[in-house]
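Not measured: the values here are computed from a predicted model.
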Amino acid sequence: MSVRKLKPITPGQRFRVVNGFDAITTDKPEKSLLAPLKKSGGRNSQGKMTMSHRGGGHKRRYRVIDFKRDKQGVAAEVKSIQYDPNRTAFIALLEYKDGEKSYVVAQNGLQVGQKVTSGTKATPEIGNALFLSDIPLGTIISCIELRPGQGAVMARSAGTFAQLMAKDGKFVTIKLPSGETRLILSNCLATIGAVSNSDHQLLVSGKAGRSRWLGRRPRTRPVVMNPVDHPMGGGEGKSSGGHPRSKNGIPAKGFRTRSKTKDSNRYIIERRKK
């Protein structure tokens with residue numbers, strides 16, 4: 001993993017920091033694992049805008065990712081490490097012994113030609129998916145299930161990882177990327193290793209146009225809007241705008257929105273840091 005700072009020959013390259021893409025081995029995706037991806041532009045089924053600052057962007061095709069890793073006990077070879085426009089992490093193309101191919105989120109250190117597997121017979125090595133009950137304490141893990149058979153939902157973005165802290169009966173204790181410590185059922189799957197592309201947080205776009213390529217439209221500061229458009233709008237001149245809040249009136253900057261009666265609260269041992 002590396003980043004490159006460009007020698008500027010245009011204003012847009014002045015502060016640009018780009019990914020070195022050292023880990024990428026091919027630029028051609030597997031056609032059988034591509035699916036169409038329709039954009040909403042922030043509109044709902046009635047055509048009304050419900051999300052601001054969205055629209056445009058480059059056309060993409062979705063890469064069908066195997067988050068469940070339910071082909072257990074069958075070894076697969078890593079054929080290539082690829083870029084995925086729909087996520088920050090890189091993805092790996094696996095080919096199983098029976099000829100089936102699938103994409104998975106790639107872990108740091110995963111190499112082309114490496115053999116990976118999942119299930120109870122798998123060893124705790126990078127890229128293998130194991131049940132939490134079979135993973136040694138202190139191991140760095142990612143792509144974690146929250147419910148058995150659901151598929152990975154936690155620690156999936158670039159550079160993220162969690163740590164297995166303790167085991168107690170049918171639950172294990174996990175320290176998540178947010179700093180939260182919580183209990184998860186021990187028969188959930190997790191993948192060994194941290195997610196690839198850990199240098200993603202160092203990238204600098206360099207110009208507004210790159211945000212447009214990603215489908216992000218310009219953002220207007222709420223303070224300069226009119227009262228009809230935002231709770232913080234209105235006033236004469238550079239007025240403060242009142243307490244920071246969203247367009248729907250929900251307070252921001254430290255206001256907790258999590259329900260105190262939420263059922264999963266009992267599984268959270270320590271809340272994430274503010």
Is it the case that atom [atom1] in [X] sees more than 12 heavy atoms from other parts of the structure closer than 6.0 Å?
| X | atom1 | result |
| --- | --- | --- |
| Arg60 | CZ | yes |
| Arg16 | CZ | yes |
| Arg258 | CZ | yes |
| Lys5 | NZ | yes |
| Phe161 | CZ | no |
| Asp98 | CG | yes |
| Tyr62 | OH | yes |
| His53 | NE2 | yes |

Between [X] (side chain) and [Y] (backbone), is there a donor-acceptor pair under 3.5 Å?
| X | Y | result |
| --- | --- | --- |
| Gln163 | Gly138 | yes |
| Ser142 | Ala194 | no |
| Glu145 | Leu189 | yes |
| Thr88 | Ala158 | yes |
| Arg43 | Gly41 | yes |
| Arg256 | Gly254 | no |
| Asn187 | Ser133 | no |
| Lys39 | Gly56 | yes |
| Arg210 | Gly206 | no |
| Ser211 | Arg216 | no |

Is there a side-chain contact (heavy atoms from CB on, under 4.5 Å) between Leu6 and Val18? Walk through the geometry before answering.
CA-CA 8 Å; Leu6 300 184; Val18 298; 4.0 Å; yes
Can you tell me how far the [atom1] atom of [X] sits from the [atom2] atom of [Y], to the nearest 0.5 Å?
| X | Y | atom1 | atom2 | result |
| --- | --- | --- | --- | --- |
| Ser157 | His200 | OG | NE2 | 8.0 Å |
| Leu176 | Arg182 | CG | CZ | 7.0 Å |
| Phe171 | Ile184 | CZ | CD1 | 10.0 Å |
| Arg245 | Lys253 | CZ | NZ | 13.0 Å |
| Glu100 | Lys71 | CD | NZ | 4.0 Å |
| Ser246 | Met232 | OG | CE | 10.0 Å |

[X] versus [Y]: any side-chain heavy-atom pair under 4.5 Å?
| X | Y | answer |
| --- | --- | --- |
| Leu185 | Arg147 | no |
| Ile126 | Asn108 | no |
| Arg63 | Pro85 | yes |
| Leu110 | Ser196 | no |
| Arg69 | Val116 | yes |
| Ile141 | Ile192 | yes |
| Asn19 | Phe90 | yes |
| Leu33 | Leu93 | yes |

Give the cluster check for [X] versus [Y]: same hydrophobic cluster or not, with ILVMFWY residues linked at side-chain heavy-atom distances below 4.5 Å.
| X | Y | value |
| --- | --- | --- |
| Phe131 | Ile140 | no |
| Leu164 | Met154 | yes |
| Met165 | Leu183 | no |
| Val64 | Phe67 | yes |
| Phe15 | Val3 | no |

Using every non-hydrogen atom in the two residues, find where [X] and [Y] come nearest and quote the distance to one decimal.
| X | Y | value |
| --- | --- | --- |
| Gly179 | Lys175 | O-NZ, 3.7 Å |
| Ala92 | Ile81 | CB-CD1, 3.8 Å |
| Ala166 | Leu137 | CA-CD2, 3.7 Å |
| Ala89 | Asn197 | CA-CB, 4.4 Å |
| Gly235 | Ser239 | CA-OG, 3.6 Å |
| Ser186 | Val172 | CB-CG1, 3.9 Å |

Which of Asp66, Ile91, Leu94, Asp84 passes side chain to side chain contact (heavy atoms under 4.5 Å, CB included) with Tyr103? It is Ile91
| task | Give the intermediate values and the outcome of side-chain contact (heavy atoms from CB on, under 4.5 Å) for residues Leu132 and Ile174. | result | CA-CA 10 Å; Leu132 291 169; Ile174 300 283; 4.1 Å; yes
**Study point:** Val153/Ile144 under side-chain contact (heavy atoms from CB on, under 4.5 Å): CA gap, chis, key distance, verdict
**Key:** CA-CA 6 Å; Val153 292; Ile144 309 161; over 6 Å; no
(message) Could you tell me if Ser80 and Gln82 have a donor-acceptor pair between their side chains, going purely by distance under 3.5 Å?
(response) yes
Steps toward side-chain contact (heavy atoms from CB on, under 4.5 Å) verdict (Val105, Thr191): CA-CA 9 Å; Val105 172; Thr191 307; over 6 Å; no
